[in-house]
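Here it is, the structure in full.
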Amino acid sequence: MSRSPSRRSVLAATAAATAAAVAPLATASPAAAAPALPEGTSKDKVLVVGMDGLRHDVIAAADAPHLKAMMAAGTYGTSLLYANPMAATSSGPGWSTVSTGVWPDKHGVRENSFAGKNYAQYPGLLARLAQVRPQLSTYAAVDWKPLDTHGTVTAGADAKLVLDGDRDGYTGHDATIAAETESVLRNQNPDVLFVYFGQTDIAGHDSGAASAAYRRAIAVQDGHLGRLLAAIEARPSYATERWTVIVTTDHGHTDSGGHGGSAIEERRTFVLAQGPGIAAGARPTDTRLVDVAATVFHQLGIVPDPAWGLDGKPVQERSADPFETLYPALAGRTDETGIPAGVLGWTRTAPSGWSVVNSAMGTGGVAEWRGWSFATDEFWSRSQRDQSRELNVRSRGIFAVADSDEWADKASSGPYDSTLVTPAYAVSGKATVTLGFTTHYRQEGSQSARVLASWNGGTPVEVKRYTADVVSQPQALTLDVPSGAANVSFRFHYTGSNNWYWAIDGVKITTA
């Protein structure tokens, strides 16, 4: 959550501090009671637990046995958020991304006013379930009220518990949510639950993510998670049910406390999932925050309609991108001194069958970006903040990048001129071939970005040219196959002179 004065009053802060001083951290408020739900209809059941502002790299140092046990028994994927101008690393955009399964350029929430929200087109996951599987019994519990006021999480729920942590303090209300959700799990028959805990974010703001207080807040919320897991396992019908549990967060925190900006620590998120078909101990590198909703649908046996426009995929589904084979080749920094030495995130080694042509490339420059390179989000976006590299949200894992701006940060001569070449793909007897990929392109000056096709190894022909910004969008170029063509290869040709960059990912060829 973004903790501005409008979000938390002095009175609320005083009330929270007083409550913490006179009561144990896990003491629940007696003011709420578990709502009654309709009888569930599914043996496939899902619990989503949202922990606000939980920086995943602090979990290891915290007393968090339940989170750590889930990491061992389930799949745990970490990733980074966007930053402005797409959206702030704040709760409104973060929980909207979790719930809708799409990025802020679709759901429209860019900060905590929720101005521009587009939930009518991209509803939250419980609202979507109410549309397509209304017979499911659904429940939501939150103590950051805007998640109910704006319909981010609670819309579509059959029953909900809404408390006001900003007014009353989150410590007691988190405990109430844990207690009442435990009651729902033990004594009723819900199918899908989305519960939210907010105190980790308060501790992050008040004491910083590097503090003992922040680790204690994680420990308390881990205890809440443990109660919910125990309640699931205590259900009389548990042996015949198929439960999936997902834990996630909306953003990270700086060491000193705070978020909303573009620092790596503010952008850190994770998706932790355990359930049927979800691998134990897996640490995927291609998971994104939008994957929560897609995983819920998958675990319920719901195939999303393409018209929903989801950006996510189930956590157990791996990217089949050729760039993902390059992890063993990733290296640490060479010339990029601002990137920590331990971050392995770039290589100029192309995937098998691919090549990079630098025959027209100038000399010198920053070694990491001399011609097309292959990099991770963390490595590339660390190279220079606040130049929209953080907006490459639809790339996953490793992607290809040509960056004349960063290359020119060290003495060089000659132009930036580099071509990335795909393998040759068979097209004999086909009428059309479609090149699909994701592009993140920023235009400036005389730079050029062109896609070319070469049939049967012949002279490449331009089939697409970029002349304006394209912010992390899927592309599909469908070409008629010429008579007699047996194969086609594609080229991504980029030139620049200390201009911006071009990143591509998810290259896929289909024929018809």
- request: Would you please say whether a donor-acceptor pair under 3.5 Å links the side chains of Lys117 and His150?
  value: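 Result is yes, a qualifying pair exists.
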field: Heavy-atom check, side chain of Leu147 versus side chain of Tyr196, under 4.5 Å
entry: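 In short, these two side chains touch, coming nearer than 4.5 Å.
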message: Under the rule for salt bridge (Lys or Arg N to Asp or Glu O under 4.0 Å), what residues qualify as partners of Arg385, not counting sequence neighbours?
response: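 With sequence neighbours excluded, Arg385 shows a salt bridge (Lys or Arg N to Asp or Glu O under 4.0 Å) to no residue whatsoever.
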query: Hey, what do you get for CZ (Phe374) to CD1 (Ile398), rounding to the nearest 0.5 Å?
result: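 Between atom CZ of Phe374 and atom CD1 of Ile398 there are 9.5 Å.
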message: I'd like to know whether Ser90 forms a side chain to side chain donor-acceptor pair (under 3.5 Å) with His251, so could you lay out the CA-CA distance, the side-chain angles of the two residues, the decisive distance to 0.1 Å, and finally the verdict.
response: CA-CA 7 Å; Ser90 300; His251 56 71; over 6 Å; no
query: With distance as the sole criterion, is a donor-acceptor pair present between the side chains of Gln316 and Gln299 under 3.5 Å?
result: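 Judged by distance alone, the side chains do pair up.
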message: Using side-chain heavy atoms (C-beta onward) and a distance below 4.5 Å, is Ser91 in contact with Asn112?
response: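 With C-beta onward as the side chain, the pair touches.
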query: Does the side chain of Ser96 pick up a donor-acceptor pair with the side chain of Tyr119 at under 3.5 Å?
result: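 Judged by distance alone, the side chains do pair up.
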- prompt: Going by distance alone, is a donor N or O of one side chain under 3.5 Å from an acceptor N or O of the other, for Thr439 and Trp502?
  reply: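 Note: Thr439 and Trp502 side chains meet the donor-acceptor criterion.
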field: Parallel, tilted or perpendicular: rings of Phe194 and Trp95 (30°, 60°)
entry: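 Rings of Trp95 and Phe194: perpendicular, as their planes differ by over 60°.
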query: Ser207: what forms a side chain to side chain contact (heavy atoms under 4.5 Å, CB included) with it, not counting sequence neighbours?
result: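 Partners of Ser207 by the side chain to side chain contact (heavy atoms under 4.5 Å, CB included) criterion, ordered by chain and then number, come out as Ser211, Ala213.
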query: Regarding Asp158 and Ser137, is there a side-chain donor-to-acceptor distance under 3.5 Å anywhere?
result: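 Note: Asp158 and Ser137 side chains miss the donor-acceptor criterion.
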message: Contact between Thr78 and Tyr76 at the side-chain level, heavy atoms closer than 4.5 Å - yes or no?
response: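 A side-chain contact exists here, since the closest heavy-atom pair is under 4.5 Å.
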query: Is Asp222 paired with Arg227 through a side-chain N to carboxylate O contact shorter than 4.0 Å?
result: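 Not counted as a salt bridge, because no side-chain N and carboxylate O are separated by less than 4.0 Å.
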task: State, with a plain yes or no, whether a side-chain heavy atom of Leu163 is found less than 4.5 Å away from one of Asp168.
output: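 The answer is no; the side chains never approach within 4.5 Å.
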field: Smallest separation among heavy atoms of Leu300 and Val192, with atom names
entry: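 Smallest heavy-atom distance, with atoms named: CD1-CG2, 3.8 Å.
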query: Which pairs count as salt bridge (Lys or Arg N to Asp or Glu O under 4.0 Å) when at least one residue sits in residues 307-316, sequence neighbours excluded?
result: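 Qualifying pairs: Lys106-Asp311, Asp286-Lys313, Asp311-Arg394.
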- request: Answer whether the closest heavy-atom distance between the side chains of His253 and Thr200 falls below 4.5 Å.
  value: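 A side-chain contact under 4.5 Å is absent here.
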task: Could you check Asp201 against Arg55 for salt bridge (charged side-chain N to carboxylate O under 4.0 Å, His left out), going step by step and ending with a plain yes or no?
output: CA-CA 9 Å; Asp201 188 63; Arg55 216 175 87 185; over 6 Å; no
message: For a side-chain contact (heavy atoms from CB on, under 4.5 Å) check, start with the C-alpha distance between Asp191 and Thr41, then their side-chain angles and the critical distance, and finish with the verdict.
response: CA-CA 7 Å; Asp191 293 319; Thr41 60; 3.7 Å; yes
query: Do Asp469 and Tyr441 have side-chain N/O donor and acceptor atoms under 3.5 Å apart?
result: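 Judged by distance alone, the side chains do not pair up.
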- prompt: With Glu241, which residues qualify under salt bridge (Lys or Arg N to Asp or Glu O under 4.0 Å), at least two apart?
  reply: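 For Glu241, the residues satisfying salt bridge (Lys or Arg N to Asp or Glu O under 4.0 Å) (neighbours in sequence not counted) are Arg235.
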- request: Might you work through the side-chain contact (heavy atoms from CB on, under 4.5 Å) test for Met71 and Ile59, ending with a clear yes or no?
  value: CA-CA 11 Å; Met71 291 175 187; Ile59 294 174; 3.7 Å; yes
- prompt: Shortest non-hydrogen contact from Pro284 to Thr287?
  reply: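 Smallest heavy-atom distance, with atoms named: CG-OG1, 3.2 Å.
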task: With sequence neighbours excluded, tell me which residues meet side chain to side chain contact (heavy atoms under 4.5 Å, CB included) with Glu111.
output: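 Ser113, Ala115.
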message: Listing request: all salt bridge (Lys or Arg N to Asp or Glu O under 4.0 Å) pairs with a residue in residues 143-157, at least two apart in sequence or in separate chains.
response: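 Non-adjacent pairs meeting salt bridge (Lys or Arg N to Asp or Glu O under 4.0 Å): Asp148-Lys160.
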message: Let's go through Met70 and His66 carefully: what are the C-alpha distance in whole Å and the side-chain angles of both, what is the deciding distance for side-chain contact (heavy atoms from CB on, under 4.5 Å) to 0.1 Å, and is it a yes or a no?
response: CA-CA 6 Å; Met70 278 191 65; His66 302 102; 5.9 Å; no
task: Could you please spell out the steps behind the side-chain contact (heavy atoms from CB on, under 4.5 Å) verdict for Phe270 and Val247?
output: CA-CA 8 Å; Phe270 69 93; Val247 183; 4.1 Å; yes
- prompt: In Å and rounded to the nearest 0.5 Å, what is the CD1 to NZ distance from Ile232 to Lys45?
  reply: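 Between Ile232 CD1 and Lys45 NZ, I get 10.5 Å after rounding to 0.5 Å.
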Ring centre gap for Trp380 and Tyr501 strictly below 6.0 Å: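 They qualify: ring centres under 6.0 Å apart.
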task: Mind checking the CG-CD spacing from Leu161 to Glu180? Nearest 0.5 Å is all I need.
output: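 Here the rounded value is 6.5 Å.
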task: State, without any angle test, whether Thr269 and Ser79 hold a side-chain donor-acceptor pair at a distance under 3.5 Å.
output: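 Yes, because at least one side-chain N or O of Thr269 sits under 3.5 Å from a partner of the opposite role on Ser79.
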query: Are the side chain of Asp174 and the backbone N or O of Gln199 linked by a donor-acceptor pair below 3.5 Å?
result: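 A pair under 3.5 Å: yes.
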field: Minimum-distance pair of heavy atoms, taken over all atoms of Pro314 and Ala294
entry: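 Smallest heavy-atom distance, with atoms named: N-CB, 3.9 Å.
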Reference residue Asp377; test salt bridge (charged side-chain N to carboxylate O under 4.0 Å, His left out); the match among Arg382, Arg288, Arg396: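 Per the salt bridge (charged side-chain N to carboxylate O under 4.0 Å, His left out) rule, the option paired with Asp377 is Arg288, out of Arg382, Arg288, Arg396.
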- prompt: Is a side-chain donor-acceptor pair under 3.5 Å present for Asn189 with Glu39?
  reply: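 Distance-only check passes for Glu39 and Asn189.
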- prompt: Would you say Lys43 has more than 12 foreign heavy atoms packed within less than 6.0 Å of its NZ?
  reply: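 More than 12 heavy atoms, drawn from other residues, nucleotides or ligands, come within 6.0 Å of this atom.
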task: Locate the shortest heavy-atom distance separating Leu125 from Val98; write the atom from each residue and the value.
output: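 Distance-wise, the nearest heavy atoms are CD2-O, 4.4 Å.
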message: If you define the side chain from C-beta out and look only at heavy atoms, does anything of Val48 sit under 4.5 Å from Val296?
response: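 Val48 reaches Val296 side chain to side chain.
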Distance, nearest 0.5 Å, that separates NE2 of His224 from CG of Leu229: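 So the gap between those two atoms works out to 13.0 Å.
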message: Could you report the tightest heavy-atom contact between Trp144 and Gly92, atom names first, then the distance?
response: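 Scanning both residues completely, I find the closest heavy atoms to be CH2-N, 3.8 Å.
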- prompt: Would a 4.5 Å heavy-atom cut-off, applied to side chains only, mark Val507 and Thr438 as touching?
  reply: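 The answer is no, as the side chains (C-beta and beyond) never meet within the 4.5 Å cut-off.
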message: Closer than 3.5 angstrom, by distance alone: can the side chain of Thr376 be matched with the main-chain N or O of Phe379 as a donor-acceptor pair?
response: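 Indeed, once roles are kept as given, a pair shorter than 3.5 Å links the two residues.
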Distance, nearest 0.5 Å, that separates CD of Glu378 from CG of Leu344: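 Between atom CD of Glu378 and atom CG of Leu344 there are 10.5 Å.
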- prompt: How about Phe399 and Phe323: are their ring centroids closer than 6.0 Å?
  reply: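 Between Phe399 and Phe323, the centre distance exceeds or equals 6.0 Å.
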task: Answer whether the closest heavy-atom distance between the side chains of Gln473 and Asp105 falls below 4.5 Å.
output: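 A side-chain contact exists here, since the closest heavy-atom pair is under 4.5 Å.
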query: To the nearest 0.5 Å, what is the distance between CE (Met51) and CG (Asp250)?
result: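 CG of Asp250 is found 12.5 Å from CE of Met51.
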- prompt: What are the two closest heavy atoms between Asp44 and Ser42, and how far apart are they?
  reply: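 Between these two residues, the closest heavy atoms are O-OG, 2.8 Å.
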- request: Indicate whether any N or O donor in one side chain lies under 3.5 Å from an N or O acceptor in the other, for Asp505 and His440.
  value: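 The answer is no; no qualifying pair exists.
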- request: Give the ring-plane orientation class for Tyr82 versus Trp103, where under 30° counts as parallel, over 60° as perpendicular and anything between as tilted.
  value: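 Ring orientation of Tyr82 relative to Trp103: perpendicular.
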query: Strictly by modelled atom types, are Gln475 and Tyr466 linked by a side-chain donor-acceptor pair under 3.5 Å?
result: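 Per modelled atom types, Gln475 and Tyr466 side chains form a pair under 3.5 Å.
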